[in-house]
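Here the structure is a predicted model, which is why all the values come from computation and not from measurement. A note on names: the letters A, B, ... follow the listed sequences, proteins ahead of strands, and every chain is numbered from 1.
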Amino acid sequence: MTDDTTSEFASDITRRLEAIMMILDEPHSLVSLAAAVGAPVPAVRQAIESLVADYDGMTGGPKRGFELREVGGGWRLYVREEFDDLVSDFVGTQAPSRLSQAALETLAVIAYKQPVTRGQVAAIRAVNVDSVVRTLLSRGLITEVFTDPDTGAIHYGTTDALLVNLGINSLDELPHISPLLDDGADGFAGESIR
Amino acid sequence: MTDDTTSEFASDITRRLEAIMMILDEPHSLVSLAAAVGAPVPAVRQAIESLVADYDGMTGGPKRGFELREVGGGWRLYVREEFDDLVSDFVGTQAPSRLSQAALETLAVIAYKQPVTRGQVAAIRAVNVDSVVRTLLSRGLITEVFTDPDTGAIHYGTTDALLVNLGINSLDELPHISPLLDDGADGFAGESIR
Amino acid sequence: MAPSPEPSSATEAALDSSAGADGGFRVTLDVFDGPFDLLLTLITKRELDITEVSLSEVTNEFIAHVRALGPEHDLDESSQFLVVAATLLDMKVAGLLPQGELVDAESVALLEARDLLFARLLQYRAFKEVSAWFGRSLVREDTRHARTVRLDAKYRDAVPELVWTLSPQDFAALAMLAFAPKEIPHVGLDHLHAPLVSIREQAAVVVTMLRSSGSLNFRELIAGVDQPGIVVARFLSVLELYRHAALSFEQVEPLGELTLRWTAERWSDENLATLGADYDR
């Protein structure tokens, strides 16, 4: 901190961010937040970092009952995990129906192989996946990315909502699976698998 | 009870209160909050007072971008007044003045099928409609009609604002749509479609 | 092909040990004893030669396992087995073929085919394993609470006024569009297949022929048939009829003449209606 003005400016951004966070109902990216508070992205990134530490009780204050989380490519306020049961009891939320094993496997294949057609997914899972794909679409976990102009085959990919539902920030945070999967649906050719 | 235990207990109530406050949509009374956090009313009153002072920057920390205020006999988190213009500007840039195609189609489904749940609309449109329903709600074009006591599913219907926009006096004036569609995949019972 | 009518000793052994420690399918073979999953792991790591594994024994054990669990058992496990069994069979075919030096293109292609099969098996397992992570993460996030509160009226006023251009007729047209059933577009493959042959129809032919002559060999049963599909359907219907104890067969030596004999005590055409229901999908 070079002087008082700098730190006052930083603190001002932080307070503005807190105000905006109050009304967000989905994660917003750094760029979008920077536009909202009228500050450059690096300053906003710094302000977010300071808020995260602040709410986590790392800066001398208490550990708050809420936290700032980065999910699905953006930032958003959440109830801190240890109070989830308390809040669930209060609001009386019902657990949404869980996905079947078939749906989970299909979702995994689409997540790692996107953009991918239903036919390619079916080939990997060795079963028809039409109804499972429909379920995933209506849950907003996957979406149609594009349609091949020649074959008319729809290519599917995952949505930001999936990232939010998984509690991760980008596809890079998916667990690493065997490198043999990296070379795509059509090519194990020649490669000897060890 | 030693002083240490007392203050730890008080701090615990405070964190629980913060967690509940994060998800409150409207002001809640002391009694209701006491029930939510499982603590006696006087302890909750004290915790609220300490939070108000805390957020106002009276306890050594910064003055937050939000504040805890008593309105109409209840407590809730609000954006601190000095950031109202910032938030209004942000909201103004977020909402486009026209509804998207997805929003219009969802609105049409709700208009002809009401009362209808989000899940039913999602099944008809074969996509997730959560964020679109939020937009329509915030635009005042649809409203929550009732909640199914068994399933907890919220049923939506259209508002007078939609009628005004369409220039009609009642839903009966909506053009009939082809009965051919009645036997659609989702089984519209009989002639429930106007 | 000579299926033995009485249960093999391997089947009985599997009945005893069909429930593994985790309740999953367990196999007992000469070269291996343990959960099915481990068998796959060992094979994919090539610590167990696929040519050593008798697929028919594994299959017998699995059928016994499924029978012991009863009809309400998890279809998932059964279908999973089919995927894996098909892969094992493929691997076994590749494994049984002679492996020479890498001299000709054919051998190279063979090795590639074998690796492709290993890769497919590994790939399927990788996705199956990672799907557990998806399940756990989705459940964990389901319990989290993000802040979502209705916008206060004073901020709602800042929202630009809605521009509405639709007439009631436009709106109705939009509704029609939205209600139109959304079939996921499908590229038909029917034109790529030969005409379908019904096992039931062919079974009816087989029943008629056998009942009128009492005993026939398979060669006679397919005399004059020139479509491979019909030959296959007749053979499958023979297997199905055998399952219904409607006929018996004899084969003195492997690949030798197959003699079929009609043995049904009670047979009605109603039996035909459900015959081969397994092939309906």
Side-chain angles (χ1 to χ4, degrees), chain A residues 11-26 28 32-33 35-38 50-51 54-55 57 59-67 77-94 96-97 134-144 159 161, chain B residues 11-25 28 32-33 35-38 50-51 54-55 57 59-67 77-91 93-94 119 121-131 134 138 151-153:
Chain A
S11 145
D12 189 46
I13 296 178
T14 316
R15 296 316 128 212
R16 289 158 151 264
L17 264 179
E18 276 186 319
I20 294 289
M21 285 293 172
M22 275 293 113
I23 58 123
L24 293 188
D25 58 7
E26 49 192 34
H28 277 247
S32 158
L33 292 172
V37 301
S50 78
L51 271 184
D54 182 355
Y55 295 166
T59 57
K63 188 161 102 176
R64 301 281 165 189
F66 48 84
E67 62 178 330
L77 283 172
Y78 274 77
V79 170
R80 193 170 289 281
E81 194 165 10
E82 61 196 273
F83 299 109
D84 276 333
D85 289 346
L86 178 83
V87 171
S88 290
D89 289 348
F90 178 68
V91 296
T93 39
Q94 279 162 339
S97 61
R134 197 189 285 269
T135 302
L136 295 174
L137 279 171
S138 75
R139 292 262 188 130
L141 300 175
I142 62 169
T143 184
E144 297 176 3
T159 61
Chain B
S11 144
D12 188 47
I13 296 178
T14 314
R15 293 317 130 215
R16 287 152 84 82
L17 260 180
E18 275 188 318
I20 295 288
M21 286 296 175
M22 261 303 114
I23 53 108
L24 283 191
D25 235 345
H28 274 60
S32 156
L33 291 171
V37 300
S50 79
L51 272 184
D54 182 354
Y55 295 165
T59 58
K63 187 160 99 177
R64 301 282 163 188
F66 47 84
E67 60 181 334
L77 284 173
Y78 291 88
V79 172
R80 194 171 289 281
E81 211 164 346
E82 63 194 271
F83 298 110
D84 273 355
D85 290 345
L86 180 81
V87 170
S88 290
D89 287 351
F90 174 70
V91 167
T93 60
Q94 289 295 298
V121 180
I124 292 167
R125 300 218 45 242
V127 291
N128 183 278
V129 295
D130 290 0
S131 86
R134 266 208 307 270
S138 76
T151 64

(message) Quick check: do E67(A) and M22(B) have side-chain heavy atoms less than 4.5 Å from each other?
(response) no
(request) Would you mind checking which part of E26(A) comes under 4.5 Å of any heavy atom in chain B, side chain (CB onward), backbone (N, CA, C, O), both or neither? (result) side chain
(request) Taking all heavy atoms of K63(B) and all of R15(A), pick out the closest pair and write down the distance. (result) O-CD, 2.7 Å
(message) Between G65(B), G61(B), G38(B), who has the most heavy-atom pairs with chain A when the cutoff is under 4.5 Å?
(response) G65(B)
(message) Is D54(B) in contact with chain A via its backbone, its side chain, both, or neither, using a 4.5 Å heavy-atom distance?
(response) side chain
(request) Answer whether the closest heavy-atom distance between the side chains of F90(A) and R16(B) falls below 4.5 Å. (result) no
(message) Would I20(B) and L86(A) count as a side-chain contact (heavy atoms from CB on, under 4.5 Å) here? Give the steps.
(response) CA-CA 8 Å; I20(B) 295 288; L86(A) 178 83; 4.0 Å; yes
(message) Are the side chains of V127(B) and L137(A) in contact, using a 4.5 Å heavy-atom criterion?
(response) no
(message) Please classify the contact between R64(A) and chain B as side chain, backbone, both or neither, with a heavy-atom cut-off of under 4.5 Å.
(response) both
(request) Side chain from CB out, backbone as N, CA, C, O: work out which of these in L33(A) comes under 4.5 Å of a heavy atom of chain B, or both, or neither. (result) neither
(request) Could you tell me which of G140(A), A19(A), S32(A), P62(A) has the largest number of non-hydrogen atom pairs under 4.5 Å with chain B? (result) A19(A)
(request) Apply ring-ring contact (aromatic ring centres under 6.0 Å, His included) to Y78(B) and list each qualifying residue two or more places apart in sequence or on a separate chain. (result) none
(request) Determine the option with the most heavy-atom pairs under 4.5 angstrom with chain B, choosing from D25(A), T143(A), T135(A). (result) D25(A)
(message) Let me confirm one number: the CG-CD1 distance from N128(B) to I142(A), rounded to the nearest 0.5 Å.
(response) 11.5 Å
(message) Test of understanding: with salt bridge (Lys or Arg N to Asp or Glu O under 4.0 Å), list the residues that count as partners of D12(B), not counting sequence neighbours.
(response) none
(message) What part of L17(B) gets within 4.5 angstrom of chain A, counting heavy atoms only: side chain, backbone, both, or neither?
(response) neither
(message) Check the orientation of F66(A) and F66(B). Use parallel for under 30°, tilted for 30 to 60°, and perpendicular for over 60°.
(response) perpendicular
(request) Would you mind checking which part of V91(B) comes under 4.5 Å of any heavy atom in chain A, side chain (CB onward), backbone (N, CA, C, O), both or neither? (result) side chain
(message) To the closest 0.5 Å, what do you measure between CD1 (I124(B)) and OG (S138(A))?
(response) 12.0 Å
